[in-house]
Amino acid sequence: MECRKLELTINSANDLREVRRIFKMKVYAKVLIGGNQEMEKRTLVDKHGQTNPAWNYAMKYSISEQWLEHHGTMLVIKLYCKRKLGDRYIGEVHQSLKQLYDYASPLGGSAVVWFPVQMGCAESQGHLCFSYRFGEKVAIEKLMLAESIASFLATGPGGAI
């Protein structure tokens, strides 16, 4: 089985819908690939940008090569406003991994893109900017070995520093 590394950086958003009236918006993003909850990652909370947050938060994924062959595997980025009484949904971006891969391939495998932030069937409000890079195709066994070695070198033989 073959796979690729995907390096994804959630850069920023602008002109988001205001979901707090009294306090400042503190926005973060949740990233999900292919509906797999185990792959969910999230950015730190931007406490200053309000409707124009900036994160420049990098994430790394291992992506099955099969996911890049069909339009059905989606990258979903959901934006939330952090609140003490439960976080409030702002909106989301959905993009096919195949579409992202096909767009970046002629550009050397990487790209910076802007997509409108959607909230259900309502009109889009604001845009999300992210950059990404697809690595070379490798056998999953080689990728797992490389990740194990990197983890060992970073944490030492006991698994913790």
Side-chain angles (χ1 to χ4, degrees), residues 3-65 67-137 143 146-147 150-151 154:
C3 63
R4 293 180 187 268
K5 281 286 203 183
L6 169 62
E7 295 174 13
L8 175 69
T9 301
I10 308 298
N11 297 321
S12 62
N14 66 359
D15 300 325
L16 295 177
R17 180 175 60 92
E18 178 75 55
V19 296
R20 291 196 90 172
R21 290 183 173 80
I22 299 173
F23 299 105
K24 290 171 65 172
M25 280 183 43
K26 298 172 193 137
V27 182
Y28 67 93
K30 280 186 184 179
V31 178
L32 190 62
I33 297 179
N36 185 343
Q37 295 294 329
E38 292 176 8
M39 294 182 79
E40 182 180 283
K41 296 182 182 182
R42 67 183 262 185
T43 66
L44 300 174
V45 176
D46 177 287
K47 297 178 180 179
H48 306 290
Q50 298 195 55
T51 59
N52 299 299
W55 303 278
N56 295 316
Y57 191 85
M59 305 172 185
K60 293 184 179 183
Y61 293 94
S62 297
I63 303 297
S64 168
E65 188 67 16
W67 288 3
L68 302 176
E69 296 171 0
H70 307 288
H71 286 285
T73 304
M74 302 299 284
L75 168 69
V76 179
I77 304 170
K78 295 184 178 187
L79 302 178
Y80 291 91
C81 177
K82 183 83 174 152
R83 300 183 324 153
K84 289 189 190 291
L85 297 174
D87 298 348
R88 181 163 285 168
Y89 172 78
I90 298 171
E92 59 194 72
V93 170
H94 289 245
Q95 285 299 309
S96 157
L97 279 182
K98 178 177 177 23
Q99 182 179 350
L100 292 172
Y101 179 74
D102 290 348
Y103 177 75
S105 287
L107 306 171
S110 63
V112 177
V113 292
W114 284 87
F115 290 107
V117 176
Q118 303 288 332
M119 183 176 176
C121 297
E123 289 183 31
S124 65
Q125 182 155 359
H127 290 84
L128 176 70
C129 174
F130 63 91
S131 56
Y132 62 98
R133 187 180 80 75
F134 286 97
E136 296 295 318
K137 187 185 330 184
L143 183 63
E147 288 175 347
S151 176

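Just so you know, residue 1 is the first one in the sequence shown, and it goes up from there. All of these numbers come straight from a predicted model, not from anything done at the bench.
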Euclidean distance, [Y] [atom2] relative to [X] [atom1], rounded to 0.5 Å:
{"X": "Gln125", "Y": "Gln118", "atom1": "CD", "atom2": "CD", "answer": "11.0 Å"}
{"X": "Thr43", "Y": "Lys30", "atom1": "OG1", "atom2": "NZ", "answer": "11.0 Å"}
{"X": "Asp46", "Y": "Asn56", "atom1": "CG", "atom2": "CG", "answer": "10.0 Å"}
{"X": "Leu32", "Y": "Met39", "atom1": "CG", "atom2": "CE", "answer": "8.5 Å"}
{"X": "Ser131", "Y": "Leu8", "atom1": "OG", "atom2": "CG", "answer": "7.0 Å"}
{"X": "Phe130", "Y": "Phe115", "atom1": "CZ", "atom2": "CZ", "answer": "5.0 Å"}

Locate the shortest heavy-atom distance separating [X] from [Y]; write the atom from each residue and the value.
{"X": "Arg20", "Y": "Glu18", "result": "O-OE2, 2.5 Å"}
{"X": "Cys81", "Y": "Val19", "result": "CB-CG2, 3.5 Å"}
{"X": "Leu79", "Y": "Ala13", "result": "CD1-CB, 4.4 Å"}
{"X": "Thr73", "Y": "Gly34", "result": "CG2-CA, 3.8 Å"}
{"X": "Ser62", "Y": "Lys5", "result": "OG-NZ, 4.0 Å"}
{"X": "Asn52", "Y": "Asp15", "result": "OD1-N, 2.8 Å"}

Over 12 non-hydrogen atoms of neighbours within 6.0 angstrom of NZ in Lys26: no
Within 6.0 angstrom of His48 NE2, more than 12 heavy atoms from elsewhere: no
Side chains of [X] and [Y]: closer than 4.5 Å at any heavy-atom pair?
{"X": "Ile90", "Y": "Met25", "answer": "yes"}
{"X": "Leu85", "Y": "Arg88", "answer": "no"}
{"X": "Leu6", "Y": "Leu75", "answer": "no"}
{"X": "Glu65", "Y": "Cys3", "answer": "no"}

Parallel, tilted or perpendicular: ring planes of Tyr132 versus Phe134, cut at 30 and 60 degrees: perpendicular
Tyr57 six-ring centre to Lys41 NZ/CZ under 6.0 Å and within 45° of normal: no
Pairs where residues 100-117 contributes a residue and the test side-chain hydrogen bond (donor to acceptor under 3.5 Å, both in side chains) is met, not counting sequence neighbours: Arg4-Tyr101, Lys98-Asp102
